[in-house]
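A short write-up of the structure that comes next.
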Number of protein chains: 2
Amino acid sequence: MTPDSSSRNTKRVTITDVARHAGVSTAAVSKVMRNAYGTSPAMQERVRTAMAELGYRPHAAARGMRGRTYTIGVLLDNVRNAFFADVLDGIHEELQDSEYTVLIGAAGFGADEQARTIRSLVDRQMDGLVLIAPGTPRAEVLATAQATPTVVIGHHDASDVHDSVVDADDVGAGLVVDHLVALGHRDIALVAAAGSRTGRWQRTPEIALADGYLRAMDRHGLAGHARVHHAAYSDDGGHAAGLALLSGPDRPTAILTGADVAALGIYRAADELGLSIPADVSLVGYNNTAIASLAPVQLTSVDQAGHTMGATAARMLIERVEGRRDRSMQTTMTPRLVVRRSTGAPHVR
Amino acid sequence: MTPDSSSRNTKRVTITDVARHAGVSTAAVSKVMRNAYGTSPAMQERVRTAMAELGYRPHAAARGMRGRTYTIGVLLDNVRNAFFADVLDGIHEELQDSEYTVLIGAAGFGADEQARTIRSLVDRQMDGLVLIAPGTPRAEVLATAQATPTVVIGHHDASDVHDSVVDADDVGAGLVVDHLVALGHRDIALVAAAGSRTGRWQRTPEIALADGYLRAMDRHGLAGHARVHHAAYSDDGGHAAGLALLSGPDRPTAILTGADVAALGIYRAADELGLSIPADVSLVGYNNTAIASLAPVQLTSVDQAGHTMGATAARMLIERVEGRRDRSMQTTMTPRLVVRRSTGAPHVR
DNA sequence: CGGAGCGTGTAGAACGTTCTCCATCCGAAC
DNA sequence: GTTCGGATGGAGAACGTTCTACACGCTCCG
């Protein structure tokens, strides 16, 4: 009797209502919406005003049953990595004036969790997917891409079934090593993600990075000084790596990391050990996120143009979704070194 | 003729396939899935194995046409605010083992954009919505909540149509003022968001914060020293506010802000003006995000328990979605002050 | 022995779109 | 004045679920 929660029954305006109001068939309304062939300007006009007058909004689920949902799904592992925010901004900007909506699935670092999230996105009939450095096995991503247009950001492994947008991580690592060597460093360590070999990805960002690092060290005749330490790209991951590297007897004079977040964890570790940056240790991040430029931080980092990567990925994806391109493509961005106050000449011991 | 993109036709396993495989009707399968009344254990068993054998996954769009989509939509203005990440973590954790999926709509700061995003979420048949400090007019939120279960985080305005989770921002402001006064400060400024009065929200977080600040200043007999400066909760917003406040002749000895992000902007401004923190100016953030505790930052901040807020919101929302509660409720969390190195006794000039 | 009542399962109509035909109209060409 | 063909609009069948209504068989009770 009371007007309780059963009052959640505000009937939606449907295509049928619009059709009736405009005095045409539902098929006609549908055609106008999708601006398909076979509609006169006069009818379009009538239908459009009817839609406006009734405040019609298409029902995405119903659309999903037959056609598109006009929704793009983005998978990322964690929201805290500011680099992803840059990528997202790029995606949003590109899709701003289109009729597509972006929905984000934040999955965490676990491969299972990520796989579940990808499946969720597919089940919800996303028209296209952007996967940012997915941790799921490659086979699974390929299977998904088979059914839904997909752009993979980060992994260098190309495929004829999905598009890719990557940063030339190996080049980036080279830039950093060159910079540090020029400052006089020889003992340069790399802290990078472990990179799940199990997933059968041959060239994840961290593998490319390590590769570039090792090649650069070699080029400078410092192959003997090279060492790679694995850590998760998070504050805690960096902290643990920092403690391990900096508390040993042969501590490096410079550390290069694969992510700014991790660099900040190392910063914290250094602080706890009474070491100051860059006096005792030089530190270089990757991604050039907003935190890197923050006043108290001033982290030397490698800029990856996350914004552009996101925008590019979105553009590529829409081309595929709308069937304007039928073969896969890869885009590689060139990184740039941004020198700030966290690097300097090594202390003479 | 070539196996091109038309090979995107991997037929989905549908409920009909499962039904046939198990030798029952589709209605039966549907019942088992929703574990509705009227299914024998024997049949459940058969259906479940059939689903497993065929690798069946329900089609969310189809579900959305009649029943639920098992999807929760979260609206936030920007991904960069680490406080939101905490909230998201809480939501995720709470929903971890349920069959609900969380999808995030990142809308930006504009009211229009946010309204559009909310509509997108509704059109995609989300079962429930979590709106984090929405900038859309209150009326619009109420209308949405009328049709879809909704939890609003942040705004103190209660409503009988949606649930709320808030932080006692006024209390938090009081804690900070008390702390600063105890250190010897008298000239304490507040930097907070403008708070769109147009939206008809009576008590946004920033209004509550300003309120608590003014009352606390008054309590200490410092009403004459109180001043509120408006700024967007972003790095740039804080930077601008910082420059304005700190370059004037009567610069405050302490600044309290409504968000850590903004505090970091002020930090940058101070740095540019050659002022050091806390020697020249004490600085206090709000949210106690991960950045606040970062080694080079060490920002005194107010902890808002974002994680708990998120988890609580999710729990409340699911109760509503599943119809286990039919009246609205509000939850208020008590903030806690976390003192770090960005506050100290004022310099005697 | 004739229901009533319960437990179990099914038929089939929604739900709001898209999209493939098909019907009609109109003008031009023969 | 017939035929052809293009342009325009509509009928109606999908799409994969949910859920109401009902059918069937059993047991229990009077």
Side-chain angles (χ1 to χ4, degrees), chain A residues 8-48 50-51 54-71 99 122-125 127 147 321-323, chain B residues 9-47 50-51 54-71 99 122-125 127 147 321-323:
Chain A
R8 291 204 195 289
N9 275 326
T10 329
K11 268 275 164 284
R12 269 190 92 95
V13 178
T14 74
I15 201 177
T16 318
D17 301 327
V18 175
R20 189 169 30 235
H21 194 255
V24 296
S25 71
T26 60
V29 178
S30 176
K31 278 188 189 174
V32 171
M33 272 197 293
R34 299 171 289 119
N35 37 44
Y37 177 83
T39 54
S40 64
M43 190 185 70
Q44 290 188 21
E45 170 68 15
R46 258 197 310 168
V47 169
R48 278 191 221 289
M51 291 200 298
L54 298 179
Y56 169 75
R57 273 156 44 194
H59 190 292
R63 288 186 135 179
M65 298 248 10
R66 301 226 74 202
R68 309 223 199 107
T69 55
Y70 296 94
T71 313
E99 43 196 342
V122 172
D123 291 347
R124 278 156 191 78
Q125 297 293 108
D127 292 339
V321 168
E322 302 190 335
Chain B
N9 275 327
T10 330
K11 268 275 164 288
R12 270 190 91 95
V13 177
T14 74
I15 201 177
T16 318
D17 301 327
V18 175
R20 188 169 32 234
H21 194 255
V24 295
S25 70
T26 60
V29 178
S30 176
K31 277 191 188 174
V32 171
M33 274 197 294
R34 297 171 290 122
N35 38 42
Y37 177 82
T39 55
S40 64
M43 190 186 70
Q44 291 187 21
E45 169 69 15
R46 259 196 311 167
V47 170
M51 292 200 297
L54 298 179
Y56 169 76
R57 273 157 44 195
H59 190 292
R63 286 186 136 178
M65 300 247 8
R66 301 228 73 202
R68 309 221 199 109
T69 55
Y70 295 94
T71 313
E99 42 196 343
V122 172
D123 291 347
R124 276 156 192 78
Q125 297 294 109
D127 292 339
V321 168
E322 301 190 337

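Chain identifiers are assigned alphabetically (A, B, ...) following the order of the sequence lines, protein sequences preceding nucleic acid strands; residue numbering begins at 1 within each chain.
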Can you figure out which of [options] approaches the side chain of [X] most closely?
| X | options | answer |
| --- | --- | --- |
| A/Arg66 | C/dT10, D/dA14, D/dG16 | D/dA14 |
| B/Ser40 | C/dT10, D/dG16, C/dG9 | C/dG9 |
| A/Met33 | C/dT18, C/dG16, C/dA11 | C/dT18 |
| A/Tyr56 | D/dG9, C/dT17, C/dA11 | C/dT17 |

Distance check: side-chain N/O of [X] vs OP1/OP2 of [N], anything under 4.0 Å?
| X | N | value |
| --- | --- | --- |
| A/Tyr70 | C/dT17 | no |
| A/Tyr37 | D/dG6 | no |
| A/Thr26 | C/dT17 | no |
| A/Thr14 | C/dG16 | no |
| A/Ser30 | C/dT18 | yes |

> Nearest nucleotide by nearest heavy atom, which residue falls closer to the 5' end of DNA chain C, B/Ala62 or B/Pro41?
Replying inline: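 Per heavy-atom nearest nucleotide, the more 5' residue is B/Pro41.
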> Which part of the nucleic acid, if any, lies within contact of A/Ala28, taking any heavy atom under 4.0 Å across all strands shown: a base, the sugar-phosphate backbone alone, or nothing?
Replying inline: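 The answer is sugar-phosphate, as A/Ala28 gets under 4.0 Å only of primed atoms, P, OP1 or OP2.
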> Under 4.0 angstrom, heavy atoms only, what part of the nucleic acid is B/Arg34 near: base, sugar-phosphate, or nothing?
Replying inline: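 B/Arg34: base contact, heavy atoms under 4.0 Å.
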Taking the side chain from [X] and the backbone from [Y], do they hold a donor-acceptor pair closer than 3.5 Å?
| X | Y | result |
| --- | --- | --- |
| B/Asp127 | B/Thr69 | yes |
| A/Arg63 | A/Arg68 | no |
| B/Gln125 | B/Gly64 | yes |

Return the value, rounded to whole Å, for the distance between atom [atom1] of [X] and atom [atom2] of [N].
| X | N | atom1 | atom2 | answer |
| --- | --- | --- | --- | --- |
| B/Met51 | D/dT17 | CE | P | 11 Å |
| B/Met43 | C/dG7 | CE | P | 15 Å |
| A/Arg12 | C/dC15 | CZ | C1' | 12 Å |
| B/Met65 | D/dG16 | CE | C1' | 9 Å |
| A/His59 | C/dG16 | NE2 | C1' | 7 Å |
| B/Asp17 | D/dC15 | CG | P | 11 Å |
| B/Arg46 | C/dT8 | CZ | C1' | 12 Å |
| A/Ile15 | D/dG12 | CD1 | C1' | 14 Å |

> By salt bridge (Lys or Arg N to Asp or Glu O under 4.0 Å), which residues pair with A/Asp17, not counting sequence neighbours?
Replying inline: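 Once residues adjacent in sequence are excluded, the partners of A/Asp17 under the salt bridge (Lys or Arg N to Asp or Glu O under 4.0 Å) criterion are A/Arg20.
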> Run the side-chain hydrogen bond (donor to acceptor under 3.5 Å, both in side chains) check on A/Thr71 and B/Arg124 step by step: do they pass?
Replying inline: CA-CA 9 Å; A/Thr71 313; B/Arg124 276 156 192 78; 2.5 Å; yes
Which atoms of nucleotides 21-28 of chain D (N or O only) lie under 3.5 Å from a protein N or O atom, and what are those distances?
none

>> Could you walk me through whether A/Thr39 and A/Gln44 satisfy the side-chain hydrogen bond (donor to acceptor under 3.5 Å, both in side chains) test, starting with their C-alpha distance in whole Å, then the side-chain angles of each, then the deciding distance to 0.1 Å, before giving a yes or no?
In response: CA-CA 7 Å; A/Thr39 54; A/Gln44 290 188 21; 2.8 Å; yes
> Any donor-acceptor pair under 3.5 Å between the side chain of A/Arg63 and the base of C/dT17?
Replying inline: no
